[in-house]
Structure formats: structure tokens, C-alpha cells
Amino acid sequence: MHGLTEAEARLRDRAREVAQEAAAQAAATDRSEQYPWPMVRRMTEAGFLGLTVPKEWGGPGLSYFDAVLVIEEFSKACAVSGRIAVEANMGAVGAIMAYGTDAQKKVAADLVLRGDKPAILITEPEAGSAATEMRTRAVRHGDSWVIDGDKTWITGGGISRLHLIFARAVEDGEEKGIGGFIVVRDGEGMPPGMEAKRIPSMGLRGMPEADVTMRGLMVPDSMVLRPPGGWARGFGRLMDAYNGQRVGAATVALGLAAGAYDHALARAQDRRQFGRPIAEFQGLAWMLADMSIDIEASRALVWRAARSAGPNGFPDRLAAAQAKVMAADMAIRVTNQALQVWGAAGYSRDNPMERYVRDARMFAIAGGTAQVLRTQVAEQILGRKLPQTRDGFLRAAAE
Ligand SMILES: CC(C)(COP(=O)(O)OP(=O)(O)OC[C@H]1O[C@@H](n2cnc3c(N)ncnc32)[C@H](O)[C@@H]1OP(=O)(O)O)[C@@H](O)C(=O)NCCC(=O)NCCSC(=O)CCS(=O)O
Ligand SMILES: Cc1cc2nc3c(=O)[nH]c(=O)nc-3n(C[C@H](O)[C@H](O)[C@H](O)COP(=O)(O)OP(=O)(O)OC[C@H]3O[C@@H](n4cnc5c(N)ncnc54)[C@H](O)[C@@H]3O)c2cc1C
């Protein structure tokens with residue numbers, strides 16, 4: 001289908017098979033709000049975590065596109081499992097594999113290949129969309145850095161071992177720019193100087209979201225991630241890597257919409273009213289048609305974005321933002337339509353449809369909101385910066 005190579009189709013089919021096990025536990029994970037460790041072990045054994053880790057670091061060295069095929073299958077069944085596959089293949093892992101030292105790459109590879117889902121710490125209570133306004137500081141003291149700051153909505157806070165923290169680097173009393181700092185949680189508790197407090201969330205309840213506070217958190221200089229171009233370009237280069245995770249998030253949105261659609265299609269043909277299958281009513285038949293068009297269009301953008309990554313590169317920024325906006329908005333629409341097809345039965349918590357609706361809601365917020373990403377798309381197609389601060393255009397004109 002869709003021009004997959006034999007190897008890609010095999011990978012997708014293998015993911016689809018294991019994802020059936022994720023489907024079987026998805027409702028229990030949602031109810032218990034517990035991270036699905038048994039499923040993580042199963043995904044690790046099956047080789048779905050660390051897919052993008054290069055062969056020299058012990059991984060299979062597969063592409064972002066391969067990872068996307070796997071993420072979609074898991075997300076159809078259980079979006080929490082889909083998100084685990086995103087963070088264990090993209091985001092922090094991608095940044096470390098591209099910019100890290102050999103020692104950092106080994107640490108990251110060993111962790112994800114053994115089942116860790118890393119955490120990426122960007123957002124702060126006062127710096128969400130305006131991420132460049134972050135206040136977390138890492139101050140250099142000889143061979144160590146000391147981090148102080150507050151992060152929020154950190155996916156995996158409290159369960160992740162590998163952390164990639166975005167912070168302002170201060171050297172010799174001078175602020176140099178935003179860089180990445182790698183912190184590993186070894187034991188059962190958090191590392192000294194780091195605390196996580198869970199945030200109760202609407203959907204994807206098996207995935208902990210947390211406020212993370214850092215007070216005097218020590219990071220050796222060997223664990224500083226230094227992208228090329230120096231501190232001043234640090235944030236931009238880290239965001240280059242983050243475009244991979246945007247494609248991953250778009251894929252989870254796509255997958256869960258496709259999962260909800262499959263349930264709706266089956267129900268529309270089974271459920272009878274007025275003596276005939278409800279699929280025969282044009283109102284529903286066209287709704288199903290629109291859902292299928294939405295899903296195929298999103299998949300086309302997601303695949304294009306994933307394929308835009310070169311062998312050692314990241315997905316293209318514009319393609320990633322376009323795919324994420326489309327898939328996030330589409331998932332909200334399609335999951336709601338799917339619930340509508342199910343009628344009252346879809347509204348019951350004994351049925352997966354309401355879970356799909358809740359799970360879909362985050363993607364227009366996390367990873368860059370639908371509004372902020374539209375601005376990013378506009379900047380790329382117009383070929384100019386669209387400053388968001390009140391004095392931004394004045395400052396740009398003065399410069
Ligand atoms: C980028 C923004 C934070 C806007 O802030 P600014 O207007 O202050 O920043 P810019 O001047 O636009 O950008 C600074 C710098 O970064 C480069 N950049 C920005 N975005 C990208 C990108 N996507 N790819 C590559 N490079 C990028 C930009 O060119 C500048 O580089 P130079 O300094 O010129 O070299 C804001 O637009 C934004 O993106 N906000 C969203 C923040 C976000 O996405 N947070 C995600 C947190 S993690 C998460 O949510 C996980 C959820 S999940 O995956 O499930
Ligand atoms: C489930 C979930 C998981 C997350 N995981 C992580 C994670 O692992 N790591 C991490 O660092 N962060 C994570 N986040 C945080 C996420 O990246 C932020 O929520 C997001 O960047 C938006 O920031 P905010 O919530 O502070 O909203 P705000 O920035 O306060 O935005 C509020 C509203 O204003 C709009 N708005 C703001 N600025 C503009 C503008 N310039 N133009 C137009 N509209 C604008 C937004 O679109 C939004 O509708 C997660 C969030 C969620 C919900």
C-alpha cells in the first residue's frame with residue numbers, strides 16, 4: 001500500500017501485530033492511569049524502541065519514516081504506546097545522536113534500547129509558546145554546571161531516565177544562549193536536585209505529565225549537549241532536532257484518528273435503525289467519507305515530512321509544522337465524528353470512543369500549538385520572520 005518497500009511493509013505489519021497487545025490493555029491503562037510497563041517491555045523486546053539509533057551504537061539505524069510506520073500502528077491501538085514510540089525514537093534521542101559526544105550517544109542508546117522513554121524539558125510555567133523566554137539557568141562552575149529552574153508539562157516526568165533539559169547557559173557570569181543538558185536518573189528516585197510532581201491530565205492518562213523543579217541540579221560538563229554553531233545558535237539547532245518529534249506527535253494524532261475511524265466504519269455497518277444499517281444514511285456515509293479523506297490527507301503530509309529527513313538529518317521544519325497542524329486539527333474532528341457514529345454507546349466509558357476523543361485533544365497544544373505552528377508555516381512560506389512580541393517589528397526595522 002502507498003508505495004511502501006517490502007521491508008517497510010514488513011516492519012509495519014510486525015508493528016500492527018504487536019500493537020494488538022497494546023489494544024488489549026489500552027482501556028486498563030487509561031483507567032489505572034499507570035505507565036504501561038509490561039507493554040513497554042514487549043515493545044522493547046520487539047525492537048520498537050531505539051529504531052532510529054545508528055548501528056554503531058547498537059540500534060538498527062532505521063529512518064524517521066520507518067519509525068512513523070511503527071508509531072501509527074501503535075497509536076491506532078493505544079495512543080500512550082504510540083507516544084512512547086515517539087520519544088524513544090525522536091526528540092531527545094535524535095538531538096543526542098546528531099550532536100552528542102560518543103559517550104553521550106552511548107548513554108542515550110543504551111537507555112532507549114533497554115526500554116527508556118526519554119523526557120524533553122523545554123516548557124516553563126511562564127514560557128510555553130514563547131519558549132525562548134525560558135528562565136531556567138545552567139551556571140558553569142569549573143567542570144560542572146548547576147541548573148535552577150521550573151519546567152512544566154514534562155511527558156514522562158518521574159518515569160523517564162534520560163532527560164534533555166533546555167536551559168540558558170551562563171559562563172563567567174555571562175549568558176551565552178540556550179543549550180541542552182543531559183541528566184540521567186539512575187536509581188528509583190529522582191536525581192538529587194530534581195523533583196517531579198504529576199499533573200492530572202484529560203487524555204493519554206497512562207502517560208505521566210509532570211511539573212519538574214530543579215534546584216542546584218549538578219550536571220558534569222561532559223553531559224552538556226553542544227550543537228554546532230555555538231551557544232547563540234543552540235536553541236535553533238535543538239529545534240531542528242525537535243522537528244522530528246513534531247512529526248512523531250503528528251503521527252500519533254493520525255494513528256488515533258485512524259483507529260477511531262476503523263471502529264466507526266465497523267459500527268456504521270453493524271448498527272441498524274429504521275430497518276437498515278446506519279451507514280446507508282447519507283449524513284453518516286458522507287461523514288465517513290470526509291473522515292477517510294482527512295486521514296489520507298494527513299497521512300500524506302506526515303509521510304512527506306518524515307521522508308524529508310536525510311540519512312543523518314531531521315525532518316524539514318516547514319513540512320513538520322504543516323503535518324502537525326493538519327493531523328492535530330484532523331484528529332479532534334475525526335475522533336468526534338467517530339463518537340457521533342456510535343451514538344450513546346460511544347459516550348460510554350465502557351467504549352474506546354470517548355478515550356479517542358480525550359486522547360486526541362493534546363496535539364493542537366503540545367509540541368507547538370496549532371496557532372504558533374501556523375505562524376511558523378507562514379514564516380517559512382513568506383520567507384520572513386513574523387515577530388510575536390509587541391516591539392518585534394520595530395526592533396527588526398531598527399536592525
Ligand atoms: C520558536 C518559538 C519559541 C518562537 O520564539 P521566537 O520568536 O523567540 O524564536 P525564533 O526567532 O522564531 O526562533 C529562535 C531560533 O530558533 C530557530 N527555530 C525556531 N523554531 C525552529 C524549528 N522548528 N526548526 C528549526 N529551527 C527553529 C529559529 O530559526 C531561530 O534560529 P536562529 O537563532 O536564527 O539560528 C515558537 O515559534 C515555538 O516554536 N513555540 C513552540 C514551542 C514548542 O514547540 N515547545 C515544545 C515543547 S516539547 C513538547 O511539547 C512535547 C510534546 S510531544 O512531543 O508530545
Ligand atoms: C499533554 C502535553 C504534553 C506535553 N509534553 C511536553 C514535554 O514533554 N516537554 C515540554 O517541554 N513541554 C511539553 N508540553 C507543553 C507544550 O509544549 C506547551 O503546552 C505548548 O508549547 C503551549 O504552551 P502553553 O500551554 O503554555 O500555552 P500558551 O503559550 O500560554 O498559549 C495559550 C494560548 O495562546 C495561544 N498563543 C500563544 N502565543 C501565540 C501567538 N504568538 N500567536 C497566536 N496564538 C498564540 C496558543 O496557541 C494557545 O491557544 C506538553 C503539553 C501537553 C498538553
Side-chain angles (χ1 to χ4, degrees), residues 71 75 79-80 82-87 89-92 94-95 117-134 136 149-157 160 163-167 177-178 196 199-205 207-212 227-253 305 313-322 324-325 328 358-380 384-390 392 395-396:
I71 294 162
S75 305
V80 169
R83 290 190 72 210
I84 292 167
V86 172
E87 292 212 82
N89 288 302
M90 296 158 163
K117 180 219 77 69
I120 190 158
L121 295 87
I122 304 175
T123 307
E124 299 183 358
E126 302 305 326
S129 298
T132 46
E133 293 177 3
M134 68 178 62
T136 296
D150 299 310
K151 298 288 180 181
T152 190
W153 283 100
I154 302 308
T155 302
S160 296
H163 299 78
L164 179 62
I165 304 164
F166 284 40
I178 292 173
I199 303 170
S201 44
M202 171 182 177
L204 292 146
R205 293 186 183 173
M207 175 64 84
E209 301 295 340
D211 284 321
V212 174
W231 291 116
R233 293 274 170 271
F235 180 78
R237 299 301 66 78
L238 289 169
M239 288 308 281
D240 272 329
Y242 188 72
N243 291 327
Q245 185 143 328
R246 279 198 177 141
V247 177
T251 312
V252 181
F314 302 116
D316 172 69
R317 165 186 190 162
L318 170 62
Q322 287 170 326
K324 166 91 165 26
V325 169
R358 281 187 286 110
D359 287 356
R361 193 59 188 85
M362 71 160 270
F363 298 94
I365 302 171
T369 68
Q371 292 71 40
V372 161
L373 292 188
R374 280 184 168 84
T375 299
Q376 290 226 356
V377 170
E379 287 185 331
Q380 299 293 305
R384 57 187 292 189
K385 168 86 185 138
L386 298 173
Q388 301 296 299
T389 55
R390 282 195 176 157
R395 274 196 285 144

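Note that ligands are numbered from 1 as they come in the structure, with each ligand's atoms numbered from 1 the same way.
Annotation: Val372 places no N or O atom under 3.5 Å from an N or O atom of ligand 2; distance criterion only. Among the atoms of Thr375, none of the N or O lies under 3.5 angstrom from an N or O of ligand 2. For ligand 2, the polar-atom distance check finds an N/O of Thr155 within less than 3.5 Å of one of the ligand's N/O atoms. Every N/O-N/O distance between Glu87 and ligand 2 stays at or above 3.5 Å.
Counting only heavy atoms, the protein never gets under 4.0 Å from atom 13 (O) of ligand 1. The nearest protein heavy atom to atom 30 (O) of ligand 2 is not closer than 4.0 Å. Shown here, atom 33 (C) of ligand 2 is out of close reach of the protein: none of its heavy atoms lies under 4.0 Å off. Using a 4.0 Å threshold on non-hydrogen atoms, atom 5 (N) of ligand 2 counts as touching the protein. For atom 49 (C) of ligand 1, a protein heavy-atom neighbour is found at a distance under 4.0 Å.
Residue-level proximity to ligand 1 for Arg83 is carried by the side chain, the only part with a heavy atom below 4.0 angstrom. Proximity of Thr369 to ligand 1, defined as any heavy-atom pair under 4.0 Å, is not found for any part of the residue. Both the backbone and the side chain of Ile122 come within contact range of ligand 2, each with a heavy atom under 4.0 Å. Contacts between Lys151 and ligand 2, counted as non-hydrogen atom pairs separated by less than 4.0 Å, are absent for every part of the residue. The proximity of Trp153 to ligand 1, defined as any non-hydrogen pair under 4.0 Å, does not occur for either the backbone or the side chain. Residue Arg317 touches ligand 1 through its side chain alone, judged by heavy-atom distances below 4.0 Å.
If you check each of Glu209, Gln245, Gln371 against atom 3 (C) of ligand 2, the one with the closest non-hydrogen atom is Glu209. Nearest-heavy-atom check against atom 36 (N) of ligand 2 across Ser129, Gly156, Ala364, Ala210 picks out Ser129. The residue from Leu373, Thr123, Asp359 that puts a heavy atom closest to atom 16 (C) of ligand 2 is Thr123. For the residues Asn243, Val247, Ile154, the heavy atom positioned nearest atom 24 (N) of ligand 1 is part of Asn243.
From the protein, the heavy atom lying nearest to atom 25 (O) of ligand 2 is Ile365 CG2, 4.3 Å. Given atom 26 (O) of ligand 2, the protein heavy atom at minimum distance is Gly128 CA, 3.3 Å. In this structure, atom 42 (N) of ligand 2 lies nearest to the protein heavy atom Gln388 OE1, 3.6 Å. Taking atom 22 (C) of ligand 2 as the reference point, the nearest protein heavy-atom neighbour is Thr369 CG2, 3.7 Å. Of the protein's non-hydrogen atoms, Ala366 CB, 3.7 Å is the one closest to atom 2 (C) of ligand 2. The protein atom (non-hydrogen) at minimum distance from atom 7 (C) of ligand 2 is Trp153 O, 3.1 Å.
Not one N or O on the side chain of Lys117 forms a donor-acceptor pair closer than 3.5 Å with the backbone of Arg83. With Arg246 contributing its side chain and Ala321 its backbone, the two residues share no donor-acceptor pair below 3.5 Å. Using a distance-only test at 3.5 Å, with no hydrogens or angles considered, no donor-acceptor pair links the side chain of Lys324 to the main chain of Asn243.
In this structure, Gln388 and Val372 have side chains that are not in contact, with every pair of non-hydrogen atoms separated by 4.5 Å or more.
At least one heavy atom of Gly367 sits closer than 4.0 Å to an atom of ligand 2.
Between Ala210 and Ile199 the shortest heavy-atom distance is C-CD1, 3.8 Å.
Atoms of ligand 1 found under 4.0 Å from any heavy atom of Arg237, numbered from 1 in the order shown, are 35 (O).
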